[in-house]
Amino acid sequence: MTAEMAEIRDSLPEVSTVSAIGSGTGNAVYNADSSKELGTKIFDSSANTDISEKLELAGVYDSNPDRMKWAAERGFTLYESFDAVLKDASVDIVLVATPNHLHREMSIAAMRAGKHVLCEKPVMRSSRELEEVLAVSKETGCLFYPRQNRRWDRDFRIIKKIYDEELIGEVFRIESRVQGSRGIPGDWRKEKEYGGGMMLDWGVHLLDRLLFMISDPIETVNCRLSYILKEEVDDGFTMLITFAGGKSALVEVGTCNFVSLPLWYAAGTKGSAVIDNWRCEGKMVQLASWEDKDTTPIMAGAGLTKTMAPRDEKSLITQPLPDVVYDDNELYSNVVDVIEGKADQIVTGAHALRVMRLMEAAIRSSQSGETVRFEESKGR
């Protein structure tokens with residue numbers, strides 16, 4: 001084992017995982033298998049690619065003995081170290097799923113050993129780290145693939161369909177949020193040195209999806225990180241993004257919310273849509289007639305208003321959210337297809353770099369208390 005690998009091994013918190021994937025599948029299902037509360041399968045879409053036809057699990061390495069025992073009980077091949085993973089010639093792809101501060105070193109080591117890398121989000125702690133990793137990917141010819149798996153969440157696929165197909169007209173305002181009430185997870189995610197905090201943990205998901213959906217250039221960012229729980233890292237944030245052309249987005253993450261607001265709210269020129277929760281309960285309200293808007297004033301607090309009075313039902317059409325069909329395993333399938341030269345990379349390093357720079361702009365905004373112009377042409 002090299003000195004670099006020994007240093008990485010010694011710095012691994014107990015929850016870290018590294019999976020080595022060969023030329024054919026293994027799903028990281030330890031947490032799901034260990035939980036007695038989950039009443040649904042992780043992968044249950046009828047449209048799913050059978051990735052067992054493309055991938056097989058070469059083996060796993062984990063610094064947590066309980067997880068190694070779990071893997072052994074299921075007949076998985078175990079590696080004694082990360083260095084052993086890299087020395088195995090049968091391994092084509094390394095899945096890095098460790099605390100954030102180890103992603104750079106382990107990804108670079110894997111690519112220099114001739115392995116392609118599928119890296120858990122956030123792929124790095126900073127855009128500078130990601131630039132270094134992408135440079136090694138170019139130098140070695142090995143694929144570096146950001147594992148932004150929540151692009152395949154059903155709620156996002158629904159809101160993206162509404163946006164792309166203009167089912168409520170041209171969408172000019174999007175609200176995307178996740179809110180919980182249990183604080184920051186009680187592991188390394190509370191620690192700054194490991195790359196903890198909710199901006200890096202959940203913000204990266206929400207921003208990745210938002211920028212995947214809205215291609216317009218970003219003009220400004222205004223963000224406030226929250227430290228309600230008095231930890232050394234942020235426990236949430238509120239972020240307003242404006243785009244060239246007039247669109248805007250509100251992105252929120254909270255860990256001290258005992259009544260959660262909807263996951264998604266979209267306002268369009270011909271209607272509105274809301275997705276309340278991960279069960280994808282919600283609705284679309286579409287405009288039947290813009291002209292039919294006269295109404296009787298309503299009492300609003302201490303005064304009357306017609307402007308804010310609800311529309312008559314005859315001018316609106318309420319519909320269920322649209323159905324979506326998608327492949328939960330498309331990310332993993334795409335990794336193989338890119339390596340074999342059969343497809344373009346869906347989640348690119350360039351996109352991950354844009355998201356990372358946006359998070360950095362948000363942090364600068366919070367630190368300065370000012371709105372930050374996001375000059376993408378200059379990077380940051």
Side-chain angles (χ1 to χ4, degrees), residues 32 37-49 148-181 202-216 238-241 243 245-254 257-290 292-293 308-331 346-347:
E37 298 178 2
L38 292 178
T40 183
K41 294 184 293 183
I42 295 178
F43 302 113
D44 58 1
S45 170
S46 60
N48 280 358
T49 297
Q148 290 289 167
N149 61 308
R150 288 194 175 274
R151 288 192 191 183
W152 285 267
D153 282 357
R154 183 168 174 247
D155 60 282
F156 173 64
R157 289 286 162 163
I158 290 173
I159 206 72
K160 189 174 185 299
K161 181 181 179 72
I162 292 171
Y163 179 89
D164 290 343
E165 299 182 12
E166 297 190 350
L167 300 183
I168 56 173
E170 183 180 359
V171 174
F172 58 85
R173 168 81 170 192
I174 287 278
E175 296 180 10
S176 172
R177 60 175 61 84
V178 290
Q179 295 176 328
S181 60
W202 267 100
V204 66
H205 277 312
L206 272 55
L207 297 177
D208 171 77
R209 300 191 303 184
L210 185 71
L211 300 193
F212 178 55
M213 178 168 57
I214 302 176
S215 60
D216 301 350
T238 298
M239 182 174 176
L240 180 64
I241 305 168
F243 297 86
K247 293 184 176 72
S248 66
L250 176 68
V251 182
E252 291 185 317
V253 172
N257 300 81
F258 302 97
V259 176
S260 296
L261 295 173
L263 288 181
W264 294 96
Y265 173 78
T269 55
K270 296 181 180 179
S272 302
V274 64
I275 302 178
D276 292 316
N277 47 48
W278 277 299
R279 295 187 299 277
C280 295
E281 297 168 334
K283 62 183 179 181
M284 289 191 304
V285 177
Q286 297 164 318
L287 184 65
S289 170
W290 174 257
D292 186 17
K293 55 186 177 181
M308 299 304 168
R311 272 182 170 263
D312 191 286
E313 289 186 5
K314 65 183 179 181
S315 69
L316 298 175
I317 302 171
T318 300
Q319 293 187 333
L321 296 168
D323 290 330
V324 289
V325 178
Y326 56 95
D327 181 356
D328 268 324
N329 291 334
E330 186 177 12
L331 184 152
I346 295 175
V347 187

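Counting begins at 1 with the first residue of the sequence.
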Sub-4.5 Å side-chain heavy-atom contact between Asn257 and Ser181: no
Reported CG-to-CH2 distance for the pair Asp153 and Trp278, which is rounded to 0.5 angstrom: 8.5 Å
Close side-chain approach of Thr49 and Glu330, heavy atoms under 4.5 Å: no
Step-by-step side chain to side chain contact (heavy atoms under 4.5 Å, CB included) determination, Ile214 to Tyr163: CA-CA 9 Å; Ile214 302 176; Tyr163 179 89; 3.8 Å; yes
Pair Phe243-Leu210, side chain to side chain contact (heavy atoms under 4.5 Å, CB included): steps then yes or no: CA-CA 11 Å; Phe243 297 86; Leu210 185 71; 4.2 Å; yes
Spatial distance of atom CD1 (Ile162) from atom CD1 (Ile275) [nearest 0.5 Å]: 5.5 Å
Arg311 CZ to Leu316 CG distance, which is reported to the nearest 0.5 Å: 6.0 Å
Salt-bridge contact Arg150-Asp208 (side-chain N to carboxylate O under 4.0 Å): no
Within 6.0 Å of CG in Asp323, more than 12 heavy atoms from elsewhere: no
Atom of Arg154, atom of Cys280 and distance for their closest heavy-atom approach: NH1-CB, 3.3 Å
Residues Asp328, Arg157: salt bridge by 4.0 Å N-O rule: no
Contact summary for Asp276 and Gly282, nearest pair of heavy atoms: OD2-CA, 3.8 Å
Residue pair Lys247, Glu170: steps toward the side chain to side chain contact (heavy atoms under 4.5 Å, CB included) verdict: CA-CA 10 Å; Lys247 293 184 176 72; Glu170 183 180 359; 3.5 Å; yes
Minimum heavy-atom distance Glu252-Leu206, with the two atoms named: O-CD2, 3.7 Å
Thr269 side, atom OG1; Phe172 side, atom CZ - distance, nearest 0.5 Å: 7.5 Å
Closest non-hydrogen atom pair, Asn329 against Asp327: N-OD1, 2.8 Å
Single hit among Lys160, Lys161, Arg209, Arg279 for salt bridge (charged side-chain N to carboxylate O under 4.0 Å, His left out) with Asp155: Arg209
Minimum side-chain heavy-atom gap Gln319-Leu167 below 4.5 Å: no
Phe156 to Arg151 - nearest heavy-atom pair and separation: CD2-O, 3.2 Å
Pairwise side-chain contact, Ile159 with Leu263, heavy-atom cut-off 4.5 Å (strictly under): no
His205 vs Val178, side chain to side chain contact (heavy atoms under 4.5 Å, CB included): CA-CA, chis, key distance, verdict: CA-CA 10 Å; His205 277 312; Val178 290; over 6 Å; no
Between CG on residue Leu287 and NZ on residue Lys270, distance to nearest 0.5 Å: 8.5 Å
Minimum side-chain heavy-atom gap Gln148-Ile346 below 4.5 Å: no
NZ/Lys293: more than 12 non-hydrogen atoms of other groups inside 6.0 Å: yes
Nearest-0.5 Å distance that lies between atom CG in Leu207 and atom CZ in Phe212: 15.0 Å
Minimum heavy-atom distance between Ala273 and Ile168, given as atom pair plus value: N-CD1, 3.9 Å
Note, Arg177 side chain near Thr238 side chain (heavy atom, < 4.5 Å): no
